[in-house]
Chemist: 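Quick one: the structure is below, and I'll ask about it shortly.
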2 protein chains.
Amino acid sequence: MAAQNQNKVSLPVIKRLPKYYRYISDMHNNGIVKVSSSELARMMGTTASQVRQDFNCFGGFGQQGIGYHVDVLLSEISKLLFSEKNLNAVLIGTGRLGRAISGYLSAEARGYHLMAAFDKSPDEIGRELQCGVMVQDVAELAAFCAAHHPDVAVLCIPRAGAKAVAPTLVEAGVKGYWNFSHYDLSVDYEGITVENVHLGDSLMSLGYRVRND
Amino acid sequence: MAAQNQNKVSLPVIKRLPKYYRYISDMHNNGIVKVSSSELARMMGTTASQVRQDFNCFGGFGQQGIGYHVDVLLSEISKLLFSEKNLNAVLIGTGRLGRAISGYLSAEARGYHLMAAFDKSPDEIGRELQCGVMVQDVAELAAFCAAHHPDVAVLCIPRAGAKAVAPTLVEAGVKGYWNFSHYDLSVDYEGITVENVHLGDSLMSLGYRVRND
């Protein structure tokens, strides 16, 4: 059921899946057995019609009118978001942001395994992250990727550094990028998946909205 | 020119402003004097028509056909994103993520001034952040807000903590929220501006896309 329409699923729908997952996990943990699209919509801050449309992208997850079974929703959305095999990730850049981000990759169950971390600073190389991963010299990155084939690279480095490591990663077959840098890989490379997190942009647009709302 | 249509500007346009600002700053730093909407579109990964539509929300920034003056664009977009008076911000939560985030609020010119930081952990209280701000007990938050009227609160705490401090902040008149928690303030409160950054969601949707793209 889950696989049939995946190629047609739009990015906004995919981006809402984790939020559904969080709300539905909470309901499941609170012993709630059934939920209607309008109850879900109220929690999610959207409309019942949007919820039904979103779920229809993946086969529907149950029938309108009688509500959704929370355990079915949780199981189906978990299957979409995670797989039996975690995605192997490498972290590039272990400064303050990289170290904070490493917690998301290791400690919490989001479907990833942090294989290795890299930095160019002699102060960082050889240090251990809180998750137990040792920071390696970024000069070793190409050899590591050739040997271990990571699925995802997490870029917590400035734009110039990101631009410099991108060819190594793309040539090594790394398909996914969680990109905190301002270098937009998707302009220069095809066939990769990039999730950009521009924290500075987020802060600047908040400023505009606070001043003008 | 900049102010006339602000109330009509849609959120997607506002969210693109910082990206325009970054690209146009780069061009200005590189000595580029004029740019066409199609050149800007190529850099931004969008269309020339989109660029012109976006700029028309703010009065146009110049005329089609002859291209845009980079210094005019930079000046007008800077006026939109920043003001002479920085926004005063308080940081709630000085764990790994909060400390990483504090750099965005203090060191870089994004229109903010980090007034104070708060945590509930005795290990954090009394410590100094890298930017020189001392961490205070979150029990002091209400008194601080009453005395100093921050414009923006940055929430780097789990959902329960965010839900617990929200009434204090909203009652104190804090209008803007840079929210890294999973508590969605905009469902419970009106008249505030919330910019949510859900890093875990971003990582989960990347996983879906890497597996299915």
Side-chain angles (χ1 to χ4, degrees), chain A residues 3 6-7 9 11 14-19 21-22 42-43 45 80-83 87 95-105 108 110-112 130 151-152 154 175-178 182 184 186-187 191-195 197-213, chain B residues 3 6-7 9 11 14-19 21-22 42-43 45 80-83 87 95-105 108 110-112 130 151-152 154 175-178 182 184 186-187 191-195 197-213:
Chain A
Q6 279 176 357
N7 290 332
V9 180
L11 194 53
I14 294 169
K15 298 222 173 209
R16 281 193 290 272
L17 276 179
K19 191 170 177 183
Y21 173 76
R22 286 192 278 115
R42 204 163 37 244
M43 285 185 279
L80 290 171
L81 285 176
F82 314 114
S83 85
L87 292 169
R96 283 193 295 175
L97 182 64
R99 270 175 273 154
I101 290 311
S102 70
Y104 286 83
L105 293 161
E108 300 180 55
R110 295 201 171 92
Y112 288 80
Q130 204 164 314
D151 303 299
V152 168
V154 180
K175 288 281 175 249
Y177 295 84
W178 201 25
H182 282 155
D184 193 350
S186 55
V187 170
I192 59 173
T193 301
V194 183
E195 173 85 9
V197 184
H198 293 314
L199 293 174
D201 286 13
S202 165
L203 191 56
M204 285 194 273
S205 62
L206 175 64
Y208 176 90
R209 292 167 63 204
V210 168
R211 289 199 184 87
N212 293 286
D213 268 6
Chain B
Q6 279 176 359
N7 292 329
V9 180
L11 194 53
I14 295 169
K15 297 219 174 212
R16 280 193 290 272
L17 277 179
K19 191 170 177 183
Y21 173 75
R22 286 193 277 115
R42 203 162 39 243
M43 285 186 277
L80 291 171
L81 286 175
F82 314 114
S83 85
L87 292 168
R96 283 193 293 174
L97 182 63
R99 268 176 274 155
I101 290 311
S102 70
Y104 286 84
L105 293 162
E108 301 181 56
R110 295 199 172 91
Y112 289 80
Q130 204 164 315
D151 304 299
V152 168
V154 181
K175 289 282 175 251
Y177 295 84
W178 202 26
H182 282 155
D184 192 350
S186 55
V187 170
I192 59 173
T193 300
V194 183
E195 173 85 10
V197 184
H198 293 315
L199 293 174
D201 287 12
S202 164
L203 191 55
M204 285 194 273
S205 62
L206 174 64
Y208 175 90
R209 293 166 63 203
V210 168
R211 288 198 184 87
N212 293 285
D213 268 8

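Just so we're on the same page: letters track the sequence lines, and every chain starts at 1. The structure presented is a predicted model; accordingly, all values stated were derived computationally and were not measured.
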Chemist: With a 4.5 angstrom heavy-atom cut-off, which part of B:His182 approaches chain A: side chain, backbone, both or neither?
Modeler: both
Chemist: Among A:Leu199, A:Val187, A:Leu97, who wins on heavy-atom pairs under 4.5 Å with chain B?
Modeler: A:Leu199
Chemist: So which of A:Gly176, A:Gly191, A:Gly207, A:Ser83 has the biggest tally of heavy-atom pairs under 4.5 Å with chain B?
Modeler: A:Ser83
Chemist: Determine, using ring centers only, whether A:Tyr208 and B:Tyr21 are less than 6.0 Å apart.
Modeler: no
Chemist: Under 4.5 Å heavy-atom distance to chain B, tell me which part of A:Leu81 shows up: side chain, backbone, both or neither.
Modeler: both
Chemist: Are the side chain of B:Tyr112 and the backbone N or O of A:Leu203 linked by a donor-acceptor pair below 3.5 Å?
Modeler: yes
Chemist: Quick check against the 3.5 Å criterion: does B:Arg99 have a side-chain atom that pairs as donor or acceptor with the backbone of A:Arg96?
Modeler: no
Chemist: Has the side chain of A:Arg209 got a donor or acceptor atom that lies under 3.5 Å from a matching backbone atom of B:Val194?
Modeler: yes
Chemist: If you count heavy-atom pairs within less than 4.5 Å of chain A, which of B:Gln130, B:Met43, B:Lys15, B:Lys175 leads?
Modeler: B:Gln130
Chemist: What option among B:Leu206, B:Leu11, B:Val210 has the most heavy-atom pairs under 4.5 Å with chain A?
Modeler: B:Leu206
Chemist: Where on A:Ile192 is there a heavy atom nearer than 4.5 Å to chain B: the side chain, the backbone, both, or neither?
Modeler: neither
Chemist: Kindly say whether B:Asp201 contributes a backbone atom to a donor-acceptor pair with the side chain of B:Ser205 at under 3.5 angstrom?
Modeler: yes
Chemist: At their closest point, which heavy atom of A:Trp178 faces which heavy atom of B:Ser202, and how far apart are they?
Modeler: NE1-OG, 2.7 Å
Chemist: Do you know which of B:Ser186, B:Ala100, B:Gly45 has the most heavy-atom pairs under 4.5 Å to chain A?
Modeler: B:Ala100
